[in-house]
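These notes are about the structure you will find just below.
Sequence lines set the chain letters: A, B, ... in the order given, protein chains first and strands last, and positions in each chain run from 1.
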Protein chains: 2
Amino acid sequence: MTDLDISEVARRTGVPPSTLRYYEEKGLIASTGRRGLRRQYDPAVLERLALIALGRTAGFSLDEIATMFAPDGQPRIDRQMLAGKADELDRTIRDLSVLRDSLRHAAACPAPSHMECPTFRRLLLDAASGVIAVPRNRKRAPQRS
Amino acid sequence: MTDLDISEVARRTGVPPSTLRYYEEKGLIASTGRRGLRRQYDPAVLERLALIALGRTAGFSLDEIATMFAPDGQPRIDRQMLAGKADELDRTIRDLSVLRDSLRHAAACPAPSHMECPTFRRLLLDAASGVIAVPRNRKRAPQRS
DNA sequence: ACTTGACCTCAAGTCGGCTTGAAGTAGCAC
DNA sequence: GTGCTACTTCAAGCCGACTTGAGGTCAAGT
């Protein structure tokens with residue numbers, strides 16, 4: 001009976017009620033029941049929402065996240081897939097590190113055009129090899145703050 | 001006259017012609033001219049596309065990318081903004097590292113439910129503090145391969 | 001008992017990032 | 001000079017992830 005009201009979950013996570021309902025509809029979270037009409041949630045849903053937010057930041061779709069962590073909170077036993085996603089993340093992290101370094105450099109470097117700055121170009125070219133065999137069907141990661 | 005035909009750019013980057021036209025329309029890239037109807041591009045566009053792909057992976061919108069790196073290839077002189085984006089990336093990278101570790105652990109840990117595994121929970125809770133003050137208006141990062 | 005207000009459902013709308021389709025055209029091969 | 005084909009434009013469509021709005025419901029307070 002320590003369950004949380006949907007509005008409480010929204011307040012504590014910053015995830016709007018409409019999104020919580022949407023996630024429930026998608027099977028990403030489950031409510032423990034209703035009080036009157038109102039959805040009640042097990043406090044564990046807070047961790048689950050953190051996990052979902054994390055996954056979204058990583059660029060995974062809601063569907064992917066759903067397949068990684070089943071609705072009952074038991075993460076999937078497909079260890080191979082999980083390891084694969086981890087590898088994927090390793091590559092993404094490498095790329096983002098390059099971009100971060102490039103931005104940092106661009107913010108500091110006095111060269112008139114960064115494309116003419118050897119440091120910048122080298123950073124970029126390092127990344128390019130990985131990145132330039134490109135996207136299909138992925139959108140942006142969710143924003144913090 | 002070493003310019004590249006749009007199809008050549010598409011072939012070498014994996015970015016479809018439709019997307020190249022779209023990026024041009026948005027002012028993210030510029031063609032050097034036409035041969036007949038066909039757009040021609042300076043080879044530098046390849047680096048620029050790498051940069052764009054990188055930015056998309058990082059979760060930046062096309063508009064943000066446009067403001068970071070002006071259409072002529074001169075990166076913006078707003079060093080403060082660039083540094084800010086770099087900081088943003090630092091946080092994202094930290095979060096992704098946690099998720100990667102969590103996935104890696106989940107793939108290895110024999111616990112029946114990972115939510116009951118202390119290691120997993122600790123990783124998650126570390127992340128939660130950062131992540132759980134949540135998203136607005138960001139979509140997913142572009143996918144590699 | 002009744003008002004209030006926060007929740008509910010369900011359908012439709014929005015937004016970013018592209019893709020698709022119809023209809024047109026320029027360069028090259030013959 | 002006639003095809004062929006790969007490009008062109010422009011408008012419309014699509015997908016994921018939500019949000020919004022209309023109209024309904026319930027329990028808690030007076």
Check your understanding: Side chains of F60(B) and T67(B): does their closest heavy-atom pair fall under 4.5 Å?
Key -> no
Revision key, fill the gap. By nearest-heavy-atom nucleotide on DNA chain D, the more 5' of G36(A) and K26(A) is K26(A)
**Study point:** Check ion pair D95(B)-R100(B) (N to O, under 4.0 angstrom)
**Key:** no
Exercise for review: Would you tell me if any nitrogen or oxygen in the side chain of Y22(A) comes within less than 4.0 Å of OP1 or OP2 on dG16(D)?
Suggested key: no
Check your understanding: For dA17(D), does either OP1 or OP2 sit under 4.0 Å from a side-chain N or O belonging to T19(A)?
Key -> no
Check your understanding: Is the distance from OP1 or OP2 of dG17(C) to the nearest side-chain N or O of R56(B) less than 4.0 Å?
Key -> yes
Practice item. Calculate the interatomic distance between R35(A) atom CZ and dC26(D) atom C1'; express it in whole Å. Key: 12 Å
Practice item. Could you tell me whether the side chain of R39(B) reaches within less than 4.5 Å of the side chain of E24(B), counting heavy atoms only? Key: yes
Practice item. Please state how far atom CG in L20(B) lies from atom C1' in dC18(C), giving the value in whole angstrom units. Key: 12 Å
**Study point:** Below 4.0 Å: OP1/OP2 of dC18(C) and any side-chain N or O of Y23(B)
**Key:** yes
Review point. Just how far, in rounded Å, is P of dC18(D) from CD1 of I52(A)?
Key: 10 Å
**Study point:** Any donor-acceptor N or O pair under 3.5 Å, side chains D63(B), S61(B)
**Key:** no
Check your understanding: Can you find a pair of side-chain heavy atoms, one from M68(A) and one from L51(A), that are under 4.5 Å apart?
Key -> no
Check your understanding: Is E25(B) close to Y23(B) at the side-chain level, that is, under 4.5 Å between some pair of heavy atoms?
Key -> no
Protein-nucleic acid N or O pairs under 3.5 Å, nucleotides 2-9 of chain C:
from: dA6(C); atom 1: N3; to: R38(A); atom 2: NH2; distance (Å): 3.4
from: dC7(C); atom 1: OP1; to: S7(A); atom 2: OG; distance (Å): 2.8
from: dC8(C); atom 1: OP1; to: R39(A); atom 2: N; distance (Å): 2.9
from: dC8(C); atom 1: OP1; to: R39(A); atom 2: NH1; distance (Å): 2.9
from: dC8(C); atom 1: OP2; to: R21(A); atom 2: NE; distance (Å): 2.7
from: dC8(C); atom 1: OP2; to: R21(A); atom 2: NH2; distance (Å): 2.7
from: dC8(C); atom 1: O5'; to: R39(A); atom 2: NH1; distance (Å): 3.4
from: dC8(C); atom 1: O3'; to: R34(A); atom 2: NH1; distance (Å): 3.2
from: dT9(C); atom 1: OP1; to: R34(A); atom 2: NH2; distance (Å): 3.0
from: dT9(C); atom 1: OP1; to: R39(A); atom 2: NH2; distance (Å): 3.3
from: dT9(C); atom 1: OP2; to: R39(A); atom 2: NH1; distance (Å): 3.0
from: dT9(C); atom 1: OP2; to: R39(A); atom 2: NH2; distance (Å): 2.7

Practice item. Classify the side-chain pair T32(A)/D3(A) by whether it contains a donor and acceptor separated by less than 3.5 Å. Key: yes
Practice item. Return the value, rounded to whole Å, for the distance between atom CD of E25(A) and atom P of dT19(D). Key: 13 Å
**Study point:** Residue-phosphate contact under 4.0 Å: S18(B) side-chain N/O, dT20(C) OP1/OP2
**Key:** no
Check your understanding: Can you tell me how far C1' of dG16(D) sits from CZ of F60(A), to the nearest Å?
Key -> 16 Å
Revision key, fill the gap. Winner on side-chain proximity to P16(A), out of dG17(C), dT19(D), dT19(C), is dT19(D)
